[in-house]
Amino acid sequence: MLRFALHFLIVVILTLLTQIGGIAYLFALAASRIWRMRFPARLALFLLCYAGATFAAGLTAPMFGRVPLSCLSGAADHLVVRSPIYCALNRNYVTPGMRDLAKALAAHMDQGFPGTVTVALDANFPFMNGFPLLPHLSHADGRKLDFAYYYQDADGNFLNGVTRSPIGYFAFEEPAPGDELPCAGRNDWLTTRWDFDALQPLFPAYGLEEHRMSAMIAWLTTEGVTRFHLEKIFIEPHLKNALGITDTHVRFQGCRAARHDDHIHIQVE
């Protein structure tokens, strides 16, 4: 009974993390029992099954309305996924319309600021609308995508393709005294709005490159809306105010969702 519970827990965790990992695990488990494999061989078989399932997902997801953003970017690519871990966990899938928007945004930023790399973060899983991409509350239908901020160093030099955090998340731009704080005084027990205070000193003290940030938002709220049917952009109010953004497509995501002063969330219709 304990062994069954352990296998069940592993399947649940792998499914929540990767969507298809639980199926790969069950297949590898069944095959390993038939062939009476020891642990190292079982692990190797699971990794082989998972790699095969991931490859198959990339081929079949377009039939379900989603396409992968590639993690195999070259020097000439201006849209990159922050880390191969996003592709390894199958978190890099979007609708074709969202993919086209992301590529067009990257091309626009390169045109306005030659050589600029635009960094994509979490997208969606390859299959099934409504399947949660934890810890996000809304990345469940291929229509959502996160982008990293553009950063500069203390001397004002642009840091191309660089993020403060290794995965692009959780390095927050803290509000200054007097900034708008819509969640001040709330103590929601069911929330993903985590501050990760202990992590903040570990991240480099880069600042936002505001010219590129403003150009990015300006394109999204004009061309993004008219050409690609962009619906919403989430960013924290104190950054929206600091960047002088007034467009109504730029909104606050609410106090139960994750903070958005470490990345930009966009979604299309």
Side-chain angles (χ1 to χ4, degrees), residues 7-27 49-71 81-103 105 120-148 167-170 183 188-194 220 224-225 228-235 249-260 262-269:
H7 289 311
F8 178 78
L9 180 61
I10 292 173
V11 168
V12 170
I13 291 173
L14 287 173
T15 300
L16 291 175
L17 287 178
T18 70
Q19 192 177 57
I20 62 176
I23 296 174
Y25 180 80
L26 288 174
F27 185 88
C49 291
Y50 181 73
T54 298
F55 178 76
L59 297 178
T60 57
M63 292 185 284
F64 297 87
R66 300 188 195 181
V67 292
L69 299 176
S70 176
C71 285
V81 176
R82 176 61 184 89
S83 170
I85 194 172
Y86 289 113
C87 294
L89 297 178
N90 298 294
R91 303 170 75 96
N92 60 314
Y93 286 82
V94 292
T95 61
M98 177 61 87
R99 176 200 57 192
D100 294 344
L101 182 154
K103 289 184 175 181
L105 170 62
L121 304 175
D122 263 338
N124 307 261
F125 284 135
F127 308 112
M128 293 178 57
N129 286 347
F131 193 98
L133 185 93
L134 300 177
H136 304 278
L137 300 182
S138 64
H139 288 235
D141 54 16
R143 300 186 297 113
K144 283 81 175 183
L145 178 61
D146 290 343
F147 288 107
I167 60 171
Y169 290 106
F170 308 133
C183 300
D188 300 301
W189 67 272
L190 185 60
T191 180
T192 58
R193 190 179 175 83
W194 306 313
L220 288 170
V225 172
F228 300 100
H229 308 290
L230 181 137
E231 186 178 37
K232 298 177 185 177
I233 302 172
F234 290 155
I235 192 170
H249 291 90
V250 183
R251 308 175 187 179
F252 176 55
Q253 71 281 356
C255 292
R256 293 188 183 275
R259 290 177 60 163
H260 284 68
D262 58 341
H263 69 282
I264 288 176
H265 166 104
I266 68 170
Q267 60 189 71
V268 294
E269 295 178 0

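Please read all numbers here as calculations on a predicted model, not as lab measurements. The first residue in the sequence is number 1, and the count goes up from there.
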Carefully, step by step, assess L69 and Y86 under the rule side-chain contact (heavy atoms from CB on, under 4.5 Å). CA-CA 10 Å; L69 299 176; Y86 289 113; over 6 Å; no
Treating T54 as the side-chain partner and A88 as the backbone partner, does any N or O pair qualify as donor plus acceptor under 3.5 Å? no
Please round to the nearest 0.5 Å and tell me the distance separating atom CG of L145 and atom NE2 of H139. 7.5 Å
Could you grab the distance from atom CG of L220 to atom CD1 of I266, nearest 0.5 Å is fine? 5.5 Å
Output for pair (S138 OG, Q267 CD), nearest 0.5 Å, gives 5.5 Å
Applying side-chain contact (heavy atoms from CB on, under 4.5 Å), run through H260 and R251 and close with a yes or a no. CA-CA 10 Å; H260 284 68; R251 308 175 187 179; over 6 Å; no
Which atom of A257 lies closest to which atom of R193, heavy atoms considered: O-CB, 3.2 Å
Below 30° counts as parallel, above 60° as perpendicular, anything between as tilted: where do the rings of H7 and Y25 land? tilted
A102 versus F147, closest heavy-atom pair with distance: CB-CZ, 3.9 Å
Crowded around I85 CD1? As in, over 12 foreign heavy atoms under 6.0 Å? no
Minimum-distance pair of heavy atoms, taken over all atoms of K144 and V94: O-CG1, 4.0 Å
Any donor-acceptor pair under 3.5 Å linking the side chain of R66 with the backbone of F125? yes
Atom pair CG/SG of L26 and C49 - distance to nearest 0.5 Å: 10.5 Å
Where is the tightest heavy-atom contact between T95 and D141, given as atom of each residue plus distance? CG2-O, 4.0 Å
Of all heavy-atom pairs linking F127 and T60, the shortest is CZ-OG1, 3.3 Å
Look up atom CZ in R259 and atom CD1 in I235, then write down how far apart they are to the nearest 0.5 Å. 12.5 Å
Stepwise side-chain contact (heavy atoms from CB on, under 4.5 Å) check, I264 with I233: CA-CA 7 Å; I264 288 176; I233 302 172; 3.7 Å; yes
CD1 (I23) with more than 12 external heavy atoms under 6.0 Å: no
Distance col, row N90:CG vs N124:CG, nearest 0.5 angstrom, shows 12.0 Å
For D122, which of R91, H263, R82 qualifies under side-chain contact (heavy atoms from CB on, under 4.5 Å)? R91
Is it true that, when you exclude F27 itself, more than 12 heavy atoms of the residues, nucleotides or ligands shown sit nearer than 6.0 Å to its CZ? no
Note, Y50 side chain near I20 side chain (heavy atom, < 4.5 Å): yes
Identify the heavy atoms of S83 and C71 that sit nearest to each other, and give their distance. O-SG, 3.8 Å
Could you go step by step and tell me if D146 and H136 meet the side-chain contact (heavy atoms from CB on, under 4.5 Å) rule? CA-CA 10 Å; D146 290 343; H136 304 278; 3.2 Å; yes
